[in-house]
Amino acid sequence: MKCAVLGDPIGHSLSPALHQAAYAELEMSDWSYTSTRVAAGGLASYVADLGGDWPPSRWRGLSVTMPLKREAYELARAISPRARLVGAVNTLVRSSHGWVGDNTDLPGAVAAIRERAGDGFSCSHGVVLGAGATAASTGLALAELGASRITLLARNPGAAGETIEMISRHRSKPVVSVLPLEAAVDGADVVVSTVPAKAQTPELIDRWASTPVVFDVVYDPWPSPLLAVTPGVAVSGLDLLVHQAVLQFEIFTGRPAPLGAMRAAGEKALGIAESLPA
């Protein structure tokens, strides 16, 4: 059985290392996972070339990264409720009636936070640095964790309308607002940074590093400037990557994923000698 991650660029992806480590741990020698560069606009033709046989003789699942998540949403014959909520598909799995679209970014973010902050963790006010697609999925994760108030801090607040609308669709109906990135906000339980490491200025780090839970979706460079000085609960981009990959592995194979082996593979690929304490 074959699986792959698709996107552009794709050479940096850790997904093959994570999934192949899971196959090795569970002695699934008949499974493989590769990476393929597929440019924007090319997903439909790529998937068509995989064939439509059922049961699948080769291809079982596809992980989809930027810039293809909206294309995957349009291509899927069926969409899971959480993918519909996020408005994007990062997981395509072949079924008897075609490719089914799912999203593991949202539940992966929830699982990553709960692993570090505790299974019973909940929050009331979350702040997200950034207002793009990742801000939308992580903002929805904060709503899943109980946040009734979510504040987006964006370089261009006027362009955050789609992200605000998406988070506001959550069944809990959180109050979502947007302010400039440099704004100070009091009373946050969690801050999620979706901005690149080079945008993590000393002022931004000083303002947010002492938040009780700090979640930075960046995993390269390691550690990010923000997580390097966080004294409280730190949730990394590797945590997110591993947990969303665990869910994808289980969707593709129907087997429980070996979380430890997958995390160790990610750490090795990034040159991390030791995990953040769980």
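Sequential numbering from 1 along the given sequence is applied to the chain's residues.
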Considering all heavy atoms, the nearest [X]-[Y] contact:
| X | Y | result |
| --- | --- | --- |
| G98 | S95 | O-OG, 2.7 Å |
| A257 | M262 | CB-SD, 4.0 Å |
| L227 | V235 | CD1-O, 3.7 Å |
| A234 | R116 | O-CG, 3.6 Å |
| R207 | A183 | CD-O, 3.5 Å |
| P180 | L153 | O-CD2, 3.6 Å |

How long is the span from the [atom1] atom in [X] to the [atom2] atom in [Y], to the nearest 0.5 Å?
| X | Y | atom1 | atom2 | result |
| --- | --- | --- | --- | --- |
| C3 | R94 | SG | CZ | 10.5 Å |
| L6 | T65 | CG | OG1 | 9.5 Å |
| E74 | I79 | CD | CD1 | 8.0 Å |
| L181 | N156 | CG | CG | 11.5 Å |
| L238 | R263 | CG | CZ | 6.5 Å |
| S122 | L145 | OG | CG | 8.0 Å |

Q. Should E144 and L106 be marked as a side chain to side chain contact (heavy atoms under 4.5 Å, CB included) after you check the CA-CA gap, both sets of side-chain angles, and the distance that decides it?
A. CA-CA 9 Å; E144 285 283 304; L106 169 54; 4.2 Å; yes
Could you tell me whether the side chain of [Y] reaches within less than 4.5 Å of the side chain of [X], counting heavy atoms only?
| X | Y | answer |
| --- | --- | --- |
| H12 | D220 | no |
| S236 | W222 | yes |
| L75 | V47 | yes |
| F215 | L142 | no |
| V213 | C123 | no |
| P67 | D8 | yes |
| V190 | F121 | yes |
| T91 | F252 | yes |

Q | salt bridge (Lys or Arg N to Asp or Glu O under 4.0 Å) partners for R82, two or more places apart | A | D102
Is there a donor-acceptor pair under 3.5 Å between the side chain of [X] and the backbone N or O of [Y]?
| X | Y | value |
| --- | --- | --- |
| D239 | A112 | no |
| T194 | L129 | yes |
| T211 | W208 | yes |
| R37 | G11 | no |
| E71 | G41 | yes |

Q.
Assess, by modelled atom type and distance only, whether the side chains of Q200 and D216 contain a donor and an acceptor separated by less than 3.5 Å.
A. yes
Q: Tell me yes or no: between the side chains of T104 and N90, is some donor less than 3.5 Å from an acceptor?
A: yes
Q. If you count the non-hydrogen atoms of other residues, nucleotides and ligands that lie under 6.0 Å from NZ in K173, is the total more than 12?
A. yes
Q. Just wondering, more than 12 heavy atoms not from E162 lying within 6.0 Å of its CD?
A. no
Q: List the steps, then state whether side chain to side chain contact (heavy atoms under 4.5 Å, CB included) holds for M166 with L85.
A: CA-CA 7 Å; M166 190 173 297; L85 178 63; over 6 Å; no
Q: Mind running salt bridge (Lys or Arg N to Asp or Glu O under 4.0 Å) on R155 and E182 for me, showing each step along the way?
A: CA-CA 8 Å; R155 292 191 188 93; E182 63 273 12; over 6 Å; no
Tell me whether [X] shares a hydrophobic cluster with [Y], the cluster being built from Ile, Leu, Val, Met, Phe, Trp, Tyr side chains joined at under 4.5 Å.
| X | Y | result |
| --- | --- | --- |
| L14 | M66 | no |
| V5 | V100 | yes |
| L68 | L92 | yes |
| M28 | L247 | no |
| L152 | I113 | yes |

Q: Take V89 and K69, measure what side chain to side chain contact (heavy atoms under 4.5 Å, CB included) needs, and give me the verdict at the end.
A: CA-CA 5 Å; V89 161; K69 293 183 180 182; 5.8 Å; no
Q) What is the ring orientation for Y33 with H19, classed by angle as parallel under 30°, tilted 30 to 60°, or perpendicular over 60°? A) parallel
Q | Intermediate values then yes/no, side chain to side chain contact (heavy atoms under 4.5 Å, CB included), V64 and Y73 | A | CA-CA 10 Å; V64 182; Y73 189 96; over 6 Å; no
**Q.** Residue pairs passing the side-chain hydrogen bond (donor to acceptor under 3.5 Å, both in side chains) test where at least one lies in residues 128-139, sequence neighbours excluded
**A.** none
